[in-house]
Every structure is written in structure tokens, then in C-alpha cells.
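Working notes for the structure below.
A, B, ... follow the sequence lines: proteins, then strands. Residue 1 opens every chain.
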Amino acid sequence: MRRLPRSFFARPGTEVAPELLNKVLVAPGVRGRIVEVEAYMGADDPGSHAHRGPTPRTEVMFGRAGHLYVYFTYGMHWCVNIVCGEVGVASAVLLRAVTPLGGLDVMRVRRPKVRRDVDLCSGPAKLAAAFGFDGAHDGIDALRNGAGVRIIDDGTPSPARPANGVRVGLTHGADLPWRWAVPGVADISRPRP
DNA sequence: CGTTTGATGCTCT
DNA sequence: GAGCATCAAACGG
């Protein structure tokens with residue numbers, strides 16, 4: 001059980017993402033194993049919010065590694081990224097799915113319509129809701145226990161051969177194979193890579 | 001099963 | 001005004 005050092009995140013998101021698989025995400029009262037992620041970059045990534053440079057929304061993506069970039073989309077959903085790379089360079093990893101490890105009762109209260117536990121956190125907006133993430137978490141430092149958030153290595157190695165494929169829900173940059181998942185787990189989002 | 005569609009409001013041009 | 005790093009319900013086979 002150890003917290004990941006900032007140096008782990010101070011690299012391009014494309015390097016960090018596959019190694020983030022099987023790490024443990026912790027928020028007050030809830031815990032889950034990261035099983036699906038996507039990497040986003042900056043100017044060279046047409047699928048990224050940061051593609052056209054910093055804006056009020058995306059400025060944290062250009063900031064310090066280990067902070068959270070939390071954005072609101074489709075008028076109703078929050079999604080959570082961990083900022084990667086050097087200060088001044090946009091990069092982040094979107095958390096797309098986790099396997100619930102603890103606090104399932106809390107998650108069920110936050111997602112009352114969900115019937116099967118496998119659906120609690122099997123998508124970026126699903127896990128954000130189940131973990132209680134919202135705009136108040138944008139910009140917090142996940143490596144300094146900001147808002148009780150932690151990212152932990154419990155000794156489970158990241159998969160030697162992660163499932164890899166294209167990103168989900170994009171109209172630009174959809175060809176880049178920057179999505180990774182733990183092979184064989186049930187609670188990842190569709191389509192499977 | 002698989003595919004389609006409505007919900008709903010922020011962000012940037 | 002257009003588009004959106006989504007979800008769940010409704011529909012069809």
C-alpha cells in the first residue's frame with residue numbers, strides 16, 4: 001500500500017494511462033480499482049478539450065500533474081481526469097471505469113436507478129456519480145489528499161498485456177488508440193476495446 | 001440480444 | 001447557435 005509519487009504522473013498521459021490500470025481510487029467512503037482509462041494530450045490531439053489551447057475550463061489540464069480535471073458535459077454528467085505531464089503541457093488521463101471495492105452501499109444510494117453492481121462504475125460519468133465527484137473537485141490535488149481523494153498502489157501490477165483500442169465518443173481524433181483496459185473484467189464501458 | 005433516442009446545460013466561436 | 005471525452009430507457013428482431 002503506497003501512494004503514487006508525483007513523478008508517476010509527470011509524464012505524458014499516453015505513458016501513464018496503461019500503468020494506472022489496477023491502481024486503487026479512493027474517495028470518502030468509497031474505493032475502486034481502476035480498470036479502464038483513456039489518455040488525452042494537447043495541441044496535437046484533436047480529440048482533447050485542450051486542443052485549442054488553455055481556456056477557463058481546461059487550464060488545470062496545463063497545470064500540475066496529480067491534480068484533478070473534472071468537467072461537466074451533456075448538461076448532466078461529470079467526468080474525472082488525472083492531470084499528467086509537465087506544467088505548461090496539456091495532458092490527462094480520463095478515468096473511464098473502476099471495479100467497486102468498498103462503499104457499495106454509498107454508491108447504490110448515489111445511483112439509485114442501478115440494479116446490478118457491475119453497472120455502478122462502468123463508465124466515466126457513472127464512476128464520477130458513484131464516487132461523489134463534481135465541479136467542487138476540479139483542480140484539487142489528488143496527491144495531497146485533496147477532498148479525501150487518494151490514488152494507491154496496493155501491490156497489484158498493471159496488466160502486462162492491457163486491452164487497447166480507440167477512444168470512445170469522439171468525432172475528432174477517434175483513430176488514436178489511446179484507450180486501455182484490464183482484460184477480462186466485467187465492469188468496463190462499451191464498446192469493449 | 002442490438003440499435004436509437006431524449007434528456008439537459010455548459011463552453012467556446 | 002452548435003456541439004458535446006454520456007447515460008438509461010425505449011424500441012425492434
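Within residues 47-61 of chain A, the residues that have a heavy atom under 4.0 Å from DNA chain C are, in order of number, Gly47(A), His49(A), Met61(A). For DNA chain B, the neighbouring residues in residues 72-92 of chain A, judged by any heavy atom under 4.0 Å, are Phe72(A), Tyr74(A), Gly75(A), Met76(A). Within residues 129-143 of chain A, no residue has a heavy atom under 4.0 Å from DNA chain C.
In this structure, Asp175(A) atom CG and dA5(C) atom C1' are separated by 15 Å, rounded to whole Å. Across the protein-nucleic acid pair, Tyr71(A) atom OH and dG3(C) atom C1' stand 14 Å apart, rounded to whole Å. Between the CG atom of Leu95(A) and the P atom of dT6(C) there is a distance of 13 Å, rounded to whole Å. Distance CZ (Arg96(A)) to P (dA5(C)): 11 Å, rounded to an integer number of Å. Here the C1' atom of nucleotide dA5(C) and the CG atom of Leu127(A) are 13 Å apart, to the nearest Å. The distance between atom CG of Leu170(A) and atom P of dG3(C), rounded to the nearest whole Å, is 16 Å. Atom-to-atom, CZ of Arg111(A) to C1' of dA8(C) comes out at 9 Å; the value is rounded to the nearest Å. Atoms CD1 (Ile188(A)) and P (dT6(C)) sit 14 Å apart, rounded to a whole Å.
Residue pairs meeting the ring-ring contact (aromatic ring centres under 6.0 Å, His included) criterion with at least one partner in residues 76-98 of chain A, sequence neighbours excluded, are Phe72(A)-Trp78(A). Every pair tested for ring-ring contact (aromatic ring centres under 6.0 Å, His included) that includes a residue from residues 18-44 of chain A fails, sequence neighbours excluded, so the list is empty.
Here the straight-line distance linking atom OG of Ser122(A) with atom CG of Asp117(A) works out to 11.0 Å at 0.5 Å rounding.
The backbone N or O of Gly173(A) lies less than 3.5 Å from a partner atom in the side chain of Arg167(A), making a donor-acceptor pair.
Set against dA8(C), dA5(C), dT6(C), the side chain of Leu94(A) has dA5(C) as its closest nucleotide. For His172(A), whose side chain is taken as the heavy atoms from C-beta onward, the closest listed nucleotide among dG2(B), dC7(C), dC4(C) is dC4(C).
The minimum heavy-atom distance between Ser48(A) and Met61(A), with the atom names listed, is OG-CE, 3.6 Å.
Residue-level contact check: Ser189(A) touches neither bases nor backbone, having no heavy atom under 4.0 Å from any strand. Within the 4.0 angstrom heavy-atom criterion, no nucleotide atom of any strand lies near Arg179(A).
With respect to the salt-bridge test (charged N to carboxylate O, under 4.0 angstrom), the residues Asp154(A) and Arg33(A) qualify. A salt bridge links Arg96(A) with Glu38(A); the closest basic N to acidic carboxylate O contact falls under 4.0 Å.
Listed pair Lys126(A) / dA8(C) meets the phosphate criterion, a side-chain N or O lying under 4.0 Å from OP1 or OP2.
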- Give the dot-bracket string for DNA chain C, reading 5' to 3', where a pair is Watson-Crick or G-U wobble with both distances under 3.5 Å, ( ) marks pairs inside the strand, [ ] marks pairs crossing earlier ones, | marks a partner on another strand, and . marks unpaired. ||||.|||||||.
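A parallel orientation is assigned to the rings of Phe133(A) and Phe131(A), their planes being inclined by less than 30° (bins at 30° and 60°).
In this structure, Arg11(A) is positioned above the aromatic face of Phe8(A), its NZ or CZ under 6.0 Å from the six-membered ring centre and within 45° of the axis.
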- Task: Begin from the C-alpha positions of Arg116(A) and Asp119(A) and carry the test salt bridge (charged side-chain N to carboxylate O under 4.0 Å, His left out) through to its verdict.
- Result: CA-CA 6 Å; Arg116(A) 301 144 52 214; Asp119(A) 296 322; 2.9 Å; yes
